[in-house]
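Each remark here refers to the structure printed beneath this line.
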Amino acid sequence: MDFALSAEQRQIRDMVSEFVDEEVVPVASEIDHDDEFPADLVDEMAELGLMGMPFPEEYGGAGLDYHSYAIGLEEISRGSGGLGTVVAAHTSLAGNMLYEFGDDAQKEEYLTPLAEGSDVGAFALSEAGAGSDVPAMETTAEKSEAQSASERSGVAAEKEGDEYVLEGGKLWISNGSVADTVTVFAKTDPDAGNKGISSFVVRPEEDDGFIVEGTEEKLGDKGCPTAELRFDDLRLPEDRLLGEEGEGFVQALKTLNGGRITIAARGVGIARAALDEARDYANEREQFDQPIGEFQSIKHKLADMDTKVQAAKLLMHKAADRKIRGEDYIKAAAQAKLYASEVSREVANEGIQIHGGYGYTKDFPAERFYRDAKLNEIYEGTSEVLRNTIGDQVLGE
């Protein structure tokens, strides 16, 4: 049992940390205020190999282990929670769908530009009536004979094979309005429940019928556009199907399970940022002729905050370790995500309290950490759903 980072892992941590301190932290408040996709920062991260951290070099990735990926995402999220979501949705969700379930041709064509960072990815699963209840989705993909462009314009032509016609919409899609590749889930057999869901590769710039209805104005997570998407007679060639028909539900669960490790990393990163700011403020702010950090009540807050951050980090790395070893990590990932999510909100809340009145203003980043942290308890499995997942695993042991 070795808790020390390897030389490579320390190098990754230091490299990403330096980038975050120099490039992200100085503009984090601006990103939060403007709520615009930070394309320049994404390009810089692509040059550093941070948009494809866990993927093999043969597909344009950095070939890092999952510990290093989690460490990298933790550092990015320490600088900006929104930027952390951009990377997590791009890599853990869209990228991992292609890496785990795409064939060689699909990986070469769609995963490689994602891993290299020339393309941005999104993962379209949720709908207005289908959040935690995935099988309640209404988006459909009906297989039919393909139509040529001339046929669609009313001119008869030779058939070109089979295609899927996508109809419906998705909601709360991170990166949805800026993505070059979107993995979309739809019902190919509406009567088969969760066994009738399939997944597809959609290319917004190439596929007619892909419509961005708008983006959400959110409490936090600014800089990562959360879009509502609509598919209107969107026709996909059959080679855009990932895996086999009916496998989409299982694919989604497996992908979200791995993604929970990186949401735990986002939580740890935000909590660390909140702790660092609170500690610095406690050392600098004086009341009654001494730094407020010397008062036992503040000191105890900082002690609890740091203990929670360290515990969350250990749960994150435990889940990553089980994934690397090929062991079952459903419970470990759920526990890491659940605990880190709640810790990030709790630590951010205490950070505001330590800042006092200043913490409630936008003059200090403490309030931003709180707004960014709250999302962790909602997306990629709410805390309520994760407790069910963990409870099922405990009962089955």
Side-chain angles (χ1 to χ4, degrees), residues 5-32 34-99 102 107-123 174-183 203-205 221-225 259 261-262 265-266 269-270 272-273 320:
L5 300 180
S6 68
E8 181 184 36
Q9 289 164 346
R10 288 196 302 272
Q11 184 179 18
I12 293 298
R13 179 197 62 193
D14 294 345
M15 182 268 286
V16 183
S17 180
E18 181 179 359
F19 166 76
V20 168
D21 287 336
E22 292 182 359
E23 304 295 335
V24 180
V25 171
V27 298
S29 179
E30 181 182 339
I31 292 172
D32 182 67
D34 297 343
D35 196 15
E36 294 182 358
F37 180 71
D40 291 345
L41 284 177
V42 171
D43 290 342
E44 290 183 50
M45 289 192 297
E47 291 178 7
L48 293 173
L50 301 182
M51 299 302 287
M53 286 185 271
F55 302 126
E57 293 180 10
E58 66 180 298
Y59 296 117
L64 302 182
D65 63 61
Y66 232 72
H67 289 299
S68 298
Y69 173 37
I71 289 168
L73 191 57
E74 174 190 332
E75 291 294 337
I76 293 167
S77 301
R78 177 177 64 81
S80 165
L83 195 59
T85 301
V86 168
V87 178
H90 165 91
T91 307
S92 301
L93 301 184
N96 263 331
M97 277 291 295
L98 285 158
Y99 180 61
K107 290 178 184 178
E108 180 65 30
E109 185 170 359
Y110 306 119
L111 176 60
T112 299
L114 289 179
E116 291 175 344
S118 56
D119 282 2
V120 172
F123 176 90
S174 299
N175 298 341
S177 61
V178 297
D180 303 282
T181 294
V182 185
T183 54
R203 300 279 289 174
E205 290 298 317
D221 199 45
K222 303 298 182 70
C224 178
I261 299 173
T262 48
R266 182 183 185 271
I270 293 171
R272 279 183 52 209

Would you say Ser17 and Val20 make side-chain contact, with heavy atoms under 4.5 Å? no

Here the pair of heavy atoms bringing Ala62 nearest to Gly49 is CB-O, 3.8 Å

Working to the nearest 0.5 angstrom, can you tell me the gap between Asp43 CG and Leu48 CG? 11.0 Å

In the structure I gave you, are the side-chain heavy atoms of Tyr59 and Leu98 within less than 4.5 Å of one another anywhere? no

In Å and rounded to the nearest 0.5 Å, what is the CD1 to CG distance from Ile71 to Leu64? 9.5 Å

Any non-hydrogen side-chain atom of Met51 less than 4.5 Å from a side-chain atom of Val87? yes

Within-4.5 Å side-chain heavy-atom neighbours: Leu41 and Val27: yes

Between Thr262 and Ser92, a side-chain donor and acceptor under 3.5 Å: yes

Option from Arg272, Arg266, Arg13 for which salt bridge (charged side-chain N to carboxylate O under 4.0 Å, His left out) with Glu75 holds: Arg272

Please examine the side chains of Phe37 and Val120, heavy atoms only from C-beta on, and report whether any two atoms are closer than 4.5 Å. yes

Under the rule for side chain to side chain contact (heavy atoms under 4.5 Å, CB included), what residues qualify as partners of Arg203, not counting sequence neighbours? Tyr110, Asp119, Asp180, Thr181, Glu206, Asp207, Arg240

Using side-chain heavy atoms (C-beta onward) and a distance below 4.5 Å, is Val24 in contact with Met45? no

Quick check: does any side chain N or O of Asn175 sit under 3.5 Å from a backbone N or O of Gly121, one acting as donor and the other as acceptor? yes

Can you check whether Leu5 reaches Gln11 side chain to side chain, under 4.5 Å on heavy atoms? no

